[in-house]
Amino acid sequence: MASNLFQTANILIDKLENKGFEAYIVGGAVRDHLLSKEVYDIDITTSAHPRDIKAIFPKTIDVALKHGTVIVCFMGETYEVTSYRAPTLSEDLKLRDFTINAIALQNNGKMVDPYFGQDDLKRKLIRGVVNPTERFKEDPLRMLRAFRFVSQLGFTVEEKTFLAITNKKQNIAKVAIERIAAEFGKLCLGVNCEKSLQLLMKSKLINEISEFNEINHCLMEEKILKAIPALTDMTEVWSLLLYYAKVNNCETFLRTWKQPKKVIDDVKMITSRLPILLTRCFSEEDLYFLGIEKAKKAERVRAVLKNEAHPNIEEIMRDYERLSIKNKKDLAINGKDIICLLKDAESRERVGQLISIVEKAVLSRHVENNKKAIIRWLRKEGYVNA
Ligand code: ATP
Ligand code: MG
């Protein structure tokens with residue numbers, strides 16, 4: 001897959017070169033390729049103007065034309081193609097965040113590496129290009145990106161670069177929360193998250209991001225730092241942090257972080273069930289109402305909070321498979337059937353209540369999921385008279 005991506009990128013670059021432009025693969029793709037990591041997306045930098053790019057390639061999408069970026073759909077792949085942000089390649093590379101991200105790859109396989117990014121890759125160092133303080137003044141998000149790369153790559157932040165972060169940390173307050181959230185998400189899910197979070201604290205960069213206020217005390221705790229690497233996505237990480245920090249209103253908090261609705265809904269549901277899940281095994285109702293995906297997430301969070309070495313995912317899946325019903329539609333009785341059992345005067349609300357009573361009774365196997373049996377049970381328990 002990756003080599004195919006590179007091969008196609010080189011054909012794309014040939015096309016630009018044939019029209020007299022320069023073009024190179026840059027950034028994360030070159031870095032990850034040199035680290036023998038899987039490459040998922042390729043960025044290309046070129047001397048061509050977006051209008052030239054659009055004239056050469058029939059299928060393009062305007063994403064950030066203002067910034068000179070066009071997505072080119074080419075031979076079944078998509079590439080972000082950006083015009084040089086400076087007069088030459090070397091100056092364009094100088095505007096990038098870190099030396100390891102400022103290496104360009106020519107289509108003949110030659111590296112253009114004026115800031116010695118390859119040396120830093122070997123030394124496992126995150127170093128700001130030329131003057132880190134200037135780099136962080138231009139775009140303060142880069143400070144958080146430094147720690148994100150520590151987490152993803154297991155590298156160390158070079159001394160001068162770390163010092164520049166401690167000096168310029170206040171500037172991060174100006175950065176949009178969406179950009180911070182994206183980097184924080186990648187940081188939490190990197191293999192070296194623990195080390196990275198420690199640097200975030202040590203540099204005090206975290207104190208400058210007000211959105212962290214409610215939770216940064218729990219990021220100081222070793223238990224939490226050690227727990228996050230066992231989690232698999234941000235829904236789990238947020239659930240752990242918000243539960244542990246006793247955040248009252250998860251929705252308000254996550255809205256401030258501009259998180260997607262699905263993440264907000266799932267975190268709300270998981271955190272509201274966690275207190276009970278920490279005291280006993282998952283019940284049929286827990287599994288049913290959470291659904292299998294959220295149940296697995298809740299289990300991972302529960303296991304780290306309980307200091308257990310592994311979550312019992314297999315047990316959760318097995319018990320979920322054994323549920324008598326997986327959702328309302330599986331019930332042998334529906335709203336219409338219930339209405340027939342009620343007196344006309346009774347409300348729709350009552351129908352909903354009865355459905356949920358039946359749901360719970362079927363789940364806990366107090367009654368068989370069979371229409372006749374359910375009706376008999378409703379009568380016996382006095383829920384309906386008819
Ligand atoms: P990944 O895509 O794996 O998360 P990446 O290094 O490709 O990592 P992107 O955010 O996709 O990160 O950016 C692509 C490249 O653009 C970077 O490698 C870097 O050269 C440059 N870049 C991105 N963001 C910035 C920034 N804030 N300041 C300077 N250069 C940046
Ligand atoms: Mg990228």
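From a predicted model like this one, the values you see are computed outputs, not experimental measurements. In each ligand, atom 1 is the first atom listed, and ligand 1 is the first ligand listed.
- For the pair Lys186 and Phe147, the cation-pi test (distance below 6.0 Å, angle within 45°) is failed.
- Counting the atoms of ligand 1 from 1 in the order shown, those under 4.0 Å from a heavy atom of Lys186 are 4 (O).
- Residue contact check for ligand 1: Phe149 places a non-hydrogen atom closer than 4.0 Å to it.
- Checked against a 3.5 angstrom limit, the closest N/O atoms of Glu183 and ligand 1 fall outside it.
- The distance from ligand 1 to the heavy atoms of Gly27 drops below 4.0 Å at these ligand atoms: 18 (O), 20 (O).
- Here the side chain of Lys169 pairs a donor or acceptor atom with the backbone of Thr166 at under 3.5 angstrom.
- Within the 4.5 Å cutoff, the side chain of Glu315 has no heavy atoms near those of the Glu299 side chain.
- Not a single heavy atom of Arg85 sits closer than 4.0 Å to an atom of ligand 1.
- Considering backbone and side-chain N/O atoms, Arg145 comes within less than 3.5 Å of an N/O atom of ligand 1.
- Contacts between Arg135 and ligand 1 below 4.0 angstrom, taking non-hydrogen atoms only, are absent altogether.
- Taking 4.0 Å as the cut-off, Asp43 counts as a neighbour of ligand 1 on heavy-atom distance.
- In summary, of the residues considered (Arg148, Arg145, Arg142), a salt bridge (Lys or Arg N to Asp or Glu O under 4.0 Å) with Asp97 occurs for Arg145 alone.
- No donor-acceptor pair closer than 3.5 Å links the side chain of Lys94 to the backbone N or O of Val129.
- For the pair Ser203 (side chain) and Leu199 (backbone), a donor-acceptor distance under 3.5 Å is present.
- Looking only at protein heavy atoms, the nearest one to atom 27 (N) of ligand 1 is Asp139 OD2, 2.8 Å.
- When side chains are defined from C-beta on, Lys223 counts as touching Asn307, because their heavy atoms get closer than 4.5 Å.
- Contacts between Arg31 and ligand 1 below 4.0 angstrom, taking non-hydrogen atoms only, involve the side chain exclusively.
- Annotation: cation-pi pair Lys326/Tyr320 present, NZ/CZ under 6.0 Å from the ring centroid and within 45° of its normal.
- Of all protein heavy atoms, the one closest to atom 21 (C) of ligand 1 is Arg96 NH1, 3.6 Å.
- A salt bridge between Asp92 and Arg96 is present, with a side-chain N of the basic residue lying under 4.0 Å from a carboxylate O of the acidic one.
- Look at Val26 and you'll find every heavy atom at least 4.0 Å from all atoms of ligand 1.
- Of the polar atoms of Leu95, none of the N or O atoms is found under 3.5 Å from an N or O of ligand 1, judged by distance alone.
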List the atom pairs, donor and acceptor, that lie under 3.5 Å between side-chain atoms in residues 19-31 and the rest of the protein, sequence neighbours left out.
residue: Glu22; atom: OE1; partner: Tyr84; partner atom: OH; Å: 2.6
residue: Arg31; atom: NH1; partner: Asn101; partner atom: OD1; Å: 2.7

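- Here the rule is salt bridge (Lys or Arg N to Asp or Glu O under 4.0 Å) with Asp139, and of Lys168, Arg85, Arg179, Lys174 only Arg179 fits it.
- Under a 4.0 Å criterion applied to the non-hydrogen atoms of Gly28, ligand 1 contributes the atoms 5 (P), 6 (O), 7 (O), 18 (O).
- Checked by distance only, ligand 1 and Arg148 come closer than 3.5 Å through their nitrogen or oxygen atoms.
- Residue contacts with ligand 1 for Asn101 involve both N, CA, C or O and side-chain atoms from C-beta outward (heavy atoms, distance under 4.0 Å).
- Proximity to Arg179 (heavy-atom distance under 4.0 Å) selects the following atoms of ligand 1: 27 (N).
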